[in-house]
Amino acid sequence: MLLTGAEILIETLIEQGVDTIFGYPGGAVLNIYDVLYDKRDRITHILTAHEQGAAHAADGYARATGKTGVVMATSGPGATNLVTGIATAYMDSVPMVAITGNVATELIGRDSFQEVFITGITMPITKHNFFVNDVEKLADTVRKAFYIANKGRPGPVLIDIPKDVTAQKCEFTPGNRFRVELPNRYTEESLALAAKYINQSHRPLIYIGGGVISSGASALVRELAEKTDTPVCCSMMGLGAMPYDHPNNLGMIGMHGKVAASMAAKSCDLLIAIGARFSDRVATKAGSFAPDAMCIHIDIDPAEIGKNKAVDLDIVGNTYDVLTQLIPMTEKAERKAWIDTVNEWKSKFDCKPRSSGSGNHVKPWNLIEKVYMRAGGNEIIVTDVGQHQMWVAQCYPFSAPRSLLTSGGLGTMGYGLGAAIGAKIARPDKRVILFVGDGGFHMNMNELCTLVSYNIPVTVFVMNNSVLGMVRQWQSFFYNKRYSCTTLNRKTDYVRLAEAFGAKGFRISSDDDIDTVLDQVFSYDGPCVVDCIIDRDEKVIPMIPSGKTVDDIIIE
Amino acid sequence: MQEQFVLSVIVENHAGVLARVSSLFSRRGFNIDSLTVSATDNPENSRITIVVKGDTYILDQITKQLMKLEEVEKVERLLPENSLFRELLLLKIHAPVESRSYIKEAVEIYRAKILDMSPVTMIIELTGQQSKIDAFLEIMKPFGIIEMCRTGITAMARGMSTIYDPSTITD
């Protein structure tokens, strides 16, 4: 079959199982978009307002399903606008394939119109990238990109294709869908040793991260915890792997995590880290994290072993495979004294946050709780970055994997709206709810038009405190309340803004209104924005300052 | 403890591989003392020899992070006790008539070579271990070094063992 490069690209994408592309057209990708026009019954293209939104949408699509997100943009500014989205996916190990057009081969390197060296720019934020200057290599490159994005620890891959290559013709031979490769490098002995450490431990603690969710090992973690009577804490990326109200669940650990989780890490004699990487937001002071514990680290990425914390035993492999083999080797145990101690901490410290604001503004945790009560357990929660993200991470009772989509590693303000679009496209059966701050919403609110154009019923709760709350909180604690450039006081009317975009707008001005307005919001089926007025002095508590330990925790 | 490590890295012979390797070093904050790239017996591969200073943590991370690069096939640490390290020096030096005999003597002792001569300069070539080149440069300094370049270390394990042995770290 003699096909053009553009046809080969789309055929190969379909062959690799792609049903949706998020993107934005432009000069260098005209040939590709021309083919998409013919293939619109087989592959859906979602046009966003900005390439960044498309990249976050592809990311949200991938996180919601585990499938590979695909984003496409033109050369130059189209490509550079993807950068934040690609970096976000890279930091959180999200499988993504980004396709960029480039100027024709003969114009490369001449600073041509809309030319940028995107493979150079994205080198440190992709697992790998390709510049395809030969149409004969295109199909195999696309196949390889999907393979790389999914093998081992997932991540983004970029393919840059000059315009002339999309027009050239060559013989196309259909191929197969990529097969995921999860190289296990551990030995039976290391599993036996891990089982021995677990069986001998008096105060074990399981610490899980996003790797548990991406490998589908959530149920196995629960099984291990129950069998060995071990409490479980998680990084933000691991939220949802353990049911919120499971008796063994301690919830999120780290800078804004639960006190009981941090106390448990301080006191445990064995730490079992699974698909987690001891980031500085978890191990705020890596050297003093779980100081008295022997440490087992289970992860698919060998480079994570010993990177942030020295460990005693490493098991490099797919967490699903590791746990499947490890659980039968452990003994059923009861660790009543330890569990009682942990439960004491839980009931003593982990109560509902106390308001530090004044007046009758919306209390973030009340809003979150009431949203949860109405959402019905079949929802995907998306957040942006900042205080609202931490409140959601702390208070929302996540109980299923892939029910929270949030930018953990990169902390990308402006992530949420795009990601919510991707999530709803991927999972139309789920209710998709976005919590966003007024700062982050202003960064990429343009994607409201995408919600409206495609009638994507995402509910957006803007936690509006008129300040950049998280930065303000640091200024409050560590900069003598010198609120430099964090007071927004914008005059944006979010209700009218939503309506101007063609969405529905609501407002919750006080804590007393939450129920009434939420009833209306939840009976509305369509894209809507809910302006929730929060006091600017609400804090995210508890907080372990950067570089400090649970001994220095700020509780009020 | 800071040590000097010599790593031999087999990579796919593609455009951009060197950029990926060097970008990895700067992004992770590893310092390169020297880096050389060369052809190998297999036209599909290149061999990069990297000299880095660091502790065992750095060595461990460098090796693992290098292995994560798609185009890196093998990484091997070469130990000084069972490897050969060689470097090439080209040196342009002030060599007026009155200093020439002394310079020639040093060249002979160090088994260097004079490649070029003008009325007042010479170009000298020396191959050897880093320490030998350092010592030779010390001797030449007083004459006045006009220009110099060193290739950085290239290295190979002694005896039967090779970088292609299955025992070396592979993807």
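Taking 4.5 Å as the heavy-atom cut-off, the residues of residues 120-137 of chain A that approach chain B are A:Met123, A:Pro124, A:His128, A:Asn129, ordered by number. Contacts with chain A (heavy atom to heavy atom, under 4.5 Å) involve no residue of residues 113-140 of chain B.
By the salt bridge (charged side-chain N to carboxylate O under 4.0 Å, His left out) test, A:Glu304 is found to be paired with A:Arg153, A:Lys307, residues two or more places apart in sequence or in another chain being considered.
Other residues, nucleotides and ligands contribute over 12 non-hydrogen atoms within 6.0 Å of the NZ atom of B:Lys68. In the displayed structure, B:Glu44 atom CD is contacted under 6.0 Å by at most 12 heavy atoms of other residues, nucleotides or ligands. Residue-environment remark: CE (B:Met156) stays at or below the threshold of 12 foreign heavy atoms within 6.0 Å. A:Asp111 CG: 12 or fewer foreign heavy atoms inside a 6.0 Å radius. Atom CZ of B:Arg111 has 12 or fewer heavy atoms from other residues, nucleotides or ligands within 6.0 Å. With a 6.0 Å radius and a threshold of 12 heavy atoms from other residues, nucleotides or ligands, A:Tyr320 has its OH atom at or below the threshold. Surrounding CD of A:Glu106 are at most 12 heavy atoms belonging to other residues, nucleotides or ligands under 6.0 Å away.
In terms of heavy-atom proximity, B:Asp60 sits nearest to A:Ile305 at OD2-O, 3.9 Å. The two residues B:Gln61 and A:Ala303 come nearest to each other via the heavy atoms NE2-O, 2.8 Å.
For B:Arg20, the parts lying under 4.5 angstrom from a heavy atom of chain A are both the backbone and the side chain.
No side-chain heavy atom of B:Lys64 sits less than 4.5 Å from a side-chain heavy atom of A:Asp301.
For residues 70-109 of chain B, the set of pairs meeting the ring pair (Phe, Tyr, Trp, His ring centres under 6.0 Å) definition, not counting sequence neighbours, comprises B:Tyr102-B:Phe143.
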